[in-house]
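Contents: one structure, followed by commentary.
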Amino acid sequence: MMRLPTIFSITEDEIDLNDLLARITLTSTGAAAIFTGMVRGETKRGEEHQTEYLEYEAYIPMAEEKMRQVADEIRAKWDAVEGIAIVQRIGKLYPKTPTVLIACTAAHRDTGVFEAARYGIDRLKEIVPIWKKEVSPSGEFWVEGEYIPKAGE
């Protein structure tokens, strides 16, 4: 059985979309769905506020193991998905900077590739332990995430 390309990593480096796509694309690939989370300088949903920068932290071995779990779950749900990339940046990140990227590739766009990428970012927020501190003109605080692992996750 052919091993399909799967990348999951925590990095302090810039996310290189072209490199990631090259690494998760096969000669049969005709579609890529990509989600990238960014640092917002202005938040208008909820309590409006400004952000100077975010600081992300992670215990890398544990976080990467959970990313592997997310990739395995995607493969179990969408057998047409060929390549998967899940990358989270850590460190101090300023507005307009990509913080996370989920990319899924497949032969065609109607094979679940969009849903797989959406599932990937939702599961990453649920089970991958990444900590985020927000620094704003009014101070700094740890941001409560959507981390809600179920028993055994």
Side-chain angles (χ1 to χ4, degrees), residues 4-25 29 31-78 81-106 109 112-153:
L4 296 169
T6 306
I7 298 167
F8 42 86
S9 71
I10 305 286
T11 183
E12 292 186 35
D13 299 329
E14 285 187 28
I15 297 173
D16 184 336
L17 177 59
N18 290 330
D19 175 64
L20 288 171
L21 281 176
R23 294 169 53 199
I24 63 169
T25 301
T29 299
I34 301 160
F35 173 81
T36 302
M38 314 275 295
V39 177
R40 280 186 308 275
E42 300 174 12
T43 297
K44 297 185 187 279
R45 187 165 60 181
E47 187 176 320
E48 291 187 26
H49 65 278
Q50 304 286 314
T51 300
E52 293 178 3
Y53 62 89
L54 299 175
E55 282 188 48
Y56 286 89
E57 296 182 12
Y59 175 60
I60 294 173
M62 183 180 184
E64 288 184 340
E65 186 56 34
K66 290 299 184 184
M67 290 171 147
R68 177 192 311 272
Q69 179 183 331
V70 172
D72 289 347
E73 290 176 8
I74 289 171
R75 294 219 182 277
K77 290 179 176 287
W78 290 276
V81 168
E82 295 175 342
I84 300 171
I86 304 172
V87 180
Q88 172 70 53
R89 284 192 71 183
I90 57 173
K92 186 185 286 188
L93 302 174
Y94 291 91
K96 299 169 61 174
T97 302
T99 61
V100 65
L101 179 136
I102 308 285
C104 293
T105 63
R109 71 179 182 277
V113 71
F114 291 105
E115 294 82 1
R118 171 64 187 257
Y119 179 85
I121 187 62
D122 289 346
R123 284 298 281 162
L124 182 136
K125 296 221 173 239
E126 287 176 357
I127 67 168
V128 179
I130 305 288
W131 298 280
K132 178 170 71 175
K133 183 168 67 176
E134 181 167 339
V135 178
S136 71
S138 59
E140 60 184 50
F141 56 93
W142 290 98
V143 176
E144 186 77 28
E146 301 166 32
Y147 183 67
I148 48 168
K150 297 178 181 90
E153 289 186 327

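Reckoned from all heavy atoms, side chains included, excluding hydrogens, waters and symmetry mates. All residue numbers refer to positions in the sequence shown, counting from 1.
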> What residues, two or more places apart in sequence or in another chain, satisfy side-chain hydrogen bond (donor to acceptor under 3.5 Å, both in side chains) together with Ser136?
Replying inline: Ser138
>> If the test is side chain to side chain donor-acceptor pair (under 3.5 Å), which one of Arg75, Arg68, Arg23 qualifies with Thr6?
In response: Arg75
> Would you say Phe114 and Arg109 make side-chain contact, with heavy atoms under 4.5 Å?
Replying inline: yes
> For the atom pair CG (Leu20) and CD1 (Ile86), what is the distance rounded to the nearest 0.5 Å?
Replying inline: 11.5 Å
> Once you round to the nearest 0.5 Å, how far does OG1 of Thr25 lie from CD of Glu82?
Replying inline: 8.5 Å
>> Enumerate the salt bridge (charged side-chain N to carboxylate O under 4.0 Å, His left out) contacts for residues 39-51, please, sequence neighbours excluded, ordered by first and then second residue.
In response: Glu42-Lys44
> How far does CD of Gln88 sit from CZ of Phe8, to the nearest 0.5 angstrom?
Replying inline: 15.0 Å
Could you give the side-chain donor-acceptor pairs of residues 9-16 under 3.5 Å, partners two or more places apart or in another chain?
unit_1 : atom_1 : unit_2 : atom_2 : d
Thr11  : OG1    : Asp13  : N      : 2.9
Asp16  : OD1    : Asn18  : N      : 3.2
Asp16  : OD1    : Asp19  : N      : 3.1

>> Suppose the criterion is salt bridge (charged side-chain N to carboxylate O under 4.0 Å, His left out): which pairs have a residue in residues 51-64, not counting sequence neighbours?
In response: none
> Among all residues two or more places apart in sequence or in another chain, which pass the side-chain hydrogen bond (donor to acceptor under 3.5 Å, both in side chains) test with Gln69?
Replying inline: Lys66, Glu73
>> Looking at Thr99 and Gly37, would you say the former's side chain and the latter's main chain have a donor-acceptor pair under 3.5 Å?
In response: yes
> Excluding sequence neighbours, so at least two apart, what forms side-chain hydrogen bond (donor to acceptor under 3.5 Å, both in side chains) with Glu134?
Replying inline: His49, Thr51
>> If I take atom CG from residue Leu101 and atom CD1 from residue Ile7, how far apart are they, to the nearest 0.5 angstrom?
In response: 9.5 Å
>> Return the OH to CD distance between Tyr119 and Glu126, rounded to the nearest 0.5 Å.
In response: 7.5 Å
